[in-house]
Every structure is written in structure tokens, then in C-alpha cells.
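Note that the coordinates shown come from a computational prediction; the quantities given were computed from them, not determined experimentally.
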Amino acid sequence: MECPFCGEIMEEGTFCDRGGSYFLPVGETRPALLTNRVLKKKHAVLLPPEVFGAPFEPRPAAFWCRKCKKLLVDYKELPPVEG
Ligand SMILES: [Zn+2]
């Protein structure tokens, strides 16, 4: 996917949050232990903390533009929020 802002090819991965939020590139498994060292090893991109309430599965697909630092998160596969 091309970045809608700058046209650069965006990296594909998933948007994850667990205390801290991060972008995980395709091909990397989600770390059981969330430390900066593990995230760096998995080429994850740390993001500002986000609060989503209860954890949800599957994680939304996401596209990250490293050039202009835009994150596009696709929530279309997520189940409807209950409550
Ligand atoms: Zn861009």
C-alpha cells in the first residue's frame, strides 16, 4: 500500500498494544514478554500508549510509513464491540 500522504510504500504488519503500543511487521510473532530489547529484535515500531479497554482478537491489520510516520490501522476484520 502507498502512503496516502507522501506516496512512499508502507510496511505491512499489525497494530498491537499491551501497556505500550507498537507496530509489528509482517512475519514477526507477537512477543510474550514486552521489553524494548525484544521489540527491537522483532523490528517493532513503538507507538505512544493507547487505551482500548478489553483486549481484542484478531489484531487489526496496519500499515506504517517510516518516511512521514503515518500509521494506517484497518479495523474492518474486528468483531463488533460488545456492551
Ligand atoms: Zn508517508
Side-chain angles (χ1 to χ4, degrees):
M1 161 174 276
E2 285 179 15
C3 175
F5 297 94
C6 73
E8 196 83 356
I9 298 300
M10 300 181 86
E11 287 182 50
E12 188 174 357
T14 52
F15 178 63
C16 306
D17 65 282
R18 196 175 140 190
S21 301
Y22 56 96
F23 168 79
L24 193 63
V26 154
E28 297 286 359
T29 55
R30 266 195 293 151
L33 196 62
L34 192 57
T35 65
N36 286 342
R37 195 168 65 87
V38 169
L39 290 177
K40 188 176 180 183
K41 186 180 169 189
K42 291 179 172 290
H43 313 289
V45 178
L46 266 170
L47 303 167
E50 296 282 352
V51 177
F52 282 101
F56 47 74
E57 293 288 346
R59 312 304 299 187
F63 299 87
W64 174 252
C65 178
R66 286 188 193 258
K67 186 178 174 187
C68 65
K69 297 184 170 63
K70 296 288 192 295
L71 178 69
L72 194 156
V73 183
D74 185 354
Y75 289 96
K76 74 176 186 293
E77 300 297 328
L78 296 179
V81 177
E82 292 175 24

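- Scanning for salt bridge (charged side-chain N to carboxylate O under 4.0 Å, His left out) contacts around Lys41 gives an empty result, with sequence neighbours left out.
- Side-chain heavy-atom separations under 4.5 angstrom define the hydrophobic clusters, and the remaining members of the one that includes Leu72 are Met1, Met10, Phe63.
- Counting Ile, Leu, Val, Met, Phe, Trp and Tyr side chains that sit under 4.5 Å apart, directly or through other members, Val26 stands alone, with no cluster partners.
- In this structure Glu8 satisfies the salt bridge (charged side-chain N to carboxylate O under 4.0 Å, His left out) test together with Lys67, sequence neighbours excluded.
- Counting heavy atoms from C-beta on, the side chains of Trp64 and Lys69 come closer than 4.5 Å.
- Shown here for Pro31 and Tyr22, the closest heavy-atom pair between the two residues is CD-OH, 3.6 Å.
- Rounding to the nearest 0.5 angstrom, the gap separating the CZ atom in Arg30 from the CG atom in Leu24 is 8.5 Å.
- A pairwise comparison of heavy atoms in Phe15 and Ala62 identifies N-CB, 3.7 Å as the closest pair.
- Scanning for salt bridge (charged side-chain N to carboxylate O under 4.0 Å, His left out) contacts around Glu11 gives Arg66, with sequence neighbours left out.
- Nearest heavy atoms, Phe5 versus Lys70: CD1-CG, 3.4 Å.
- The environment of Glu28 atom CD is dense: over 12 non-hydrogen atoms of other residues, nucleotides or ligands sit within 6.0 angstrom.
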